[in-house]
Amino acid sequence: MPPRRRNRQTAPAPSEAARLSNVLIDEGFTKREIAAILGRNSAIVSHFYTRGPRSGHSYTPALLAVVQEIQSGGPRDHESLKALAGQYVTRRRRKSGQLARVRGKDTVKHAPNDQWSSGLARAGRQHISSGASRLKPVVDAAADADGFVAITVRASKGRFLMAPDDEYPDRPGGARVVQRADGTEERSYGGERAGLHAREWQQRIAVSQGDVTAAITSWMVETGRVAEGTKITHLEVRGWKPRS
């Protein structure tokens with residue numbers, strides 16, 4: 001009996017976006033620099049090579065324009081190339097033709113000036129494991145303004161110890177609780193009427209050697225909100241200063 005033929009999975013053919021990216025790499029640019037020129041996260045360029053022949057199709061006109069600019073002896077600085085690419089990069093659309101939703105970034109969101117009034121920062125699983133340091137600037141800014149913070153914690157549903165109605169007696173039904181399809185649950189603490197004092201949280205984080213994840217986890221365990229050993233999967237911190 002002849003041996004069975006094994007189905008060998010072949011890697012998808014590189015896309016046109018990948019080919020143009022290779023031209024830029026040969027010109028001395030890195031994938032990270034190419035992504036910055038496109039105004040996107042560095043992971044997007046890696047997708048050009050792994051997700052089939054149409055991957056990065058919407059970025060092809062921008063990449064082609066950049067390649068032609070460089071090969072014709074034009075400016076090679078990132079700002080000039082980013083401005084050029086920006087004329088061709090468009091928002092992705094759904095099959096219905098509507099613009100696709102823009103994914104929220106895990107970055108601090110507040111005005112970079114002395115008139116700070118509010119801020120927001122998020123951290124996902126990977127950043128949480130290293131201490132969620134990107135949340136600290138929001139807490140510090142709110143503390144400097146003698147303001148408040150609100151915290152949203154996401155973890156496995158079974159790790160929360162308090163029933164929503166017990167935890168939020170002022171909000172019947174647990175209005176600050178969001179159930180997720182993956183078996184996790186989000187609970188929020190602090191709000192416009194009852195914010196958490198930012199200076200207290202700044203001190204908690206300082207005691208935890210700047211580890212925001214550890215500070216929030218310790219508080220959740222100390223107050224009986226989650227079981228000891230709970231792994232937080234997502235965090236969000238919002239800060240604001242009092243209204244004058």
Side-chain angles (χ1 to χ4, degrees), residues 8-95 98-113 119-141 154 209-213 231-237:
R8 295 182 179 179
Q9 293 183 349
T10 58
S15 64
E16 177 65 8
R19 187 190 69 79
L20 293 170
S21 295
N22 285 335
V23 175
L24 293 176
I25 290 172
D26 291 340
E27 290 286 342
F29 292 87
T30 66
K31 289 183 179 181
R32 184 180 297 275
E33 290 172 332
I34 295 170
I37 290 170
L38 295 174
R40 295 294 186 266
N41 185 280
S42 58
I44 196 68
V45 178
S46 297
H47 294 168
F48 297 164
Y49 296 84
T50 60
R51 297 195 175 181
R54 286 189 57 81
S55 179
H57 176 73
S58 61
Y59 299 102
T60 300
L63 289 166
L64 180 60
V66 171
V67 167
Q68 291 174 342
E69 181 76 2
I70 291 173
Q71 292 181 338
S72 64
R76 298 172 62 96
D77 64 283
H78 291 182
E79 290 303 318
S80 297
L81 295 177
K82 185 174 182 179
L84 173 63
Q87 301 175 30
Y88 298 89
V89 175
T90 58
R91 286 266 302 278
R92 182 173 59 86
R93 291 183 177 273
R94 300 175 180 174
K95 292 182 179 180
Q98 295 179 326
L99 288 174
R101 181 176 63 87
V102 177
R103 296 176 181 176
K105 297 181 179 180
D106 289 344
T107 54
V108 177
K109 298 180 180 179
H110 63 73
N113 54 45
L120 172 68
R122 298 186 179 95
R125 191 186 303 271
Q126 182 175 355
H127 198 71
I128 285 172
S129 64
S130 60
S133 59
R134 69 180 59 179
L135 307 183
K136 189 174 181 296
V138 171
V139 177
D140 290 340
R154 184 172 172 182
Q209 307 298 318
D211 191 322
V212 181
T213 304
K231 300 295 184 183
I232 295 174
T233 62
H234 296 76
L235 283 174
E236 178 181 298
V237 172

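Residue indices begin at 1 and follow the sequence shown. Heavy-atom basis, side chains included; hydrogens, waters and symmetry copies ignored.
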Subject >> Step-by-step side-chain contact (heavy atoms from CB on, under 4.5 Å) determination, Ile128 to Thr233 >> reply: CA-CA 7 Å; Ile128 285 172; Thr233 62; 5.6 Å; no

Subject >> Test side-chain contact (heavy atoms from CB on, under 4.5 Å) applied to Ile34 and Ile25, step by step >> reply: CA-CA 8 Å; Ile34 295 170; Ile25 290 172; 3.9 Å; yes

Original post:
Is there a side-chain contact (heavy atoms from CB on, under 4.5 Å) between Tyr59 and Ile44 once you walk through the steps?
Top reply: CA-CA 10 Å; Tyr59 299 102; Ile44 196 68; 3.9 Å; yes

Original post:
After noting the C-alpha distance and the side-chain angles of Tyr49 and Asn22, does the key distance pass the side-chain contact (heavy atoms from CB on, under 4.5 Å) rule?
Top reply: CA-CA 10 Å; Tyr49 296 84; Asn22 285 335; 2.8 Å; yes

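Under the salt bridge (Lys or Arg N to Asp or Glu O under 4.0 Å) criterion, Arg32 pairs with no residue at all, not counting sequence neighbours. Under the side chain to side chain contact (heavy atoms under 4.5 Å, CB included) criterion, Ala36 pairs with no residue, sequence neighbours left out. Not counting sequence neighbours, the partners of Asp77 by the side chain to side chain contact (heavy atoms under 4.5 Å, CB included) test are Pro75, Glu79, Ser80. Taking the salt bridge (Lys or Arg N to Asp or Glu O under 4.0 Å) definition, one finds that Arg125 meets it with nothing, sequence neighbours left out. Not counting sequence neighbours, the partners of Asp140 by the salt bridge (Lys or Arg N to Asp or Glu O under 4.0 Å) test are Lys136.
Heavy-atom minimum distance, Ala132 versus Val212: O-CG2, 3.4 Å. Annotation for Ala62 and Leu38: closest pair CB-CD2, 3.9 Å, computed over non-hydrogen atoms. Minimum heavy-atom separation, Ala17 to Leu63: O-CD1, 3.6 Å. Heavy-atom minimum distance, Val45 versus Ser21: CG1-OG, 4.2 Å. Contact record, Val138 with Gly119: CG1-O, 3.8 Å, taken as the closest heavy-atom pair. Scanning both residues, Glu69 and Leu81, for their nearest heavy atoms gives CG-CD2, 4.2 Å.
Within the structure, salt bridge (Lys or Arg N to Asp or Glu O under 4.0 Å) contacts touching residues 15-31 (residues at least two apart or in different chains) are Glu16-Arg19, Glu27-Arg76.
To the nearest 0.5 Å, the span separating CG on Leu235 from NE2 on His127 amounts to 10.0 Å.
Side-chain contact between Phe29 and Val66 is absent, with no heavy atoms from C-beta onward closer than 4.5 Å.
Panel note: side chain Ser55, backbone Ser15; no donor-acceptor pair is recorded below 3.5 Å.
The local environment of NE2 in His57 is sparse, with at most 12 non-hydrogen atoms from other residues, nucleotides or ligands closer than 6.0 Å.
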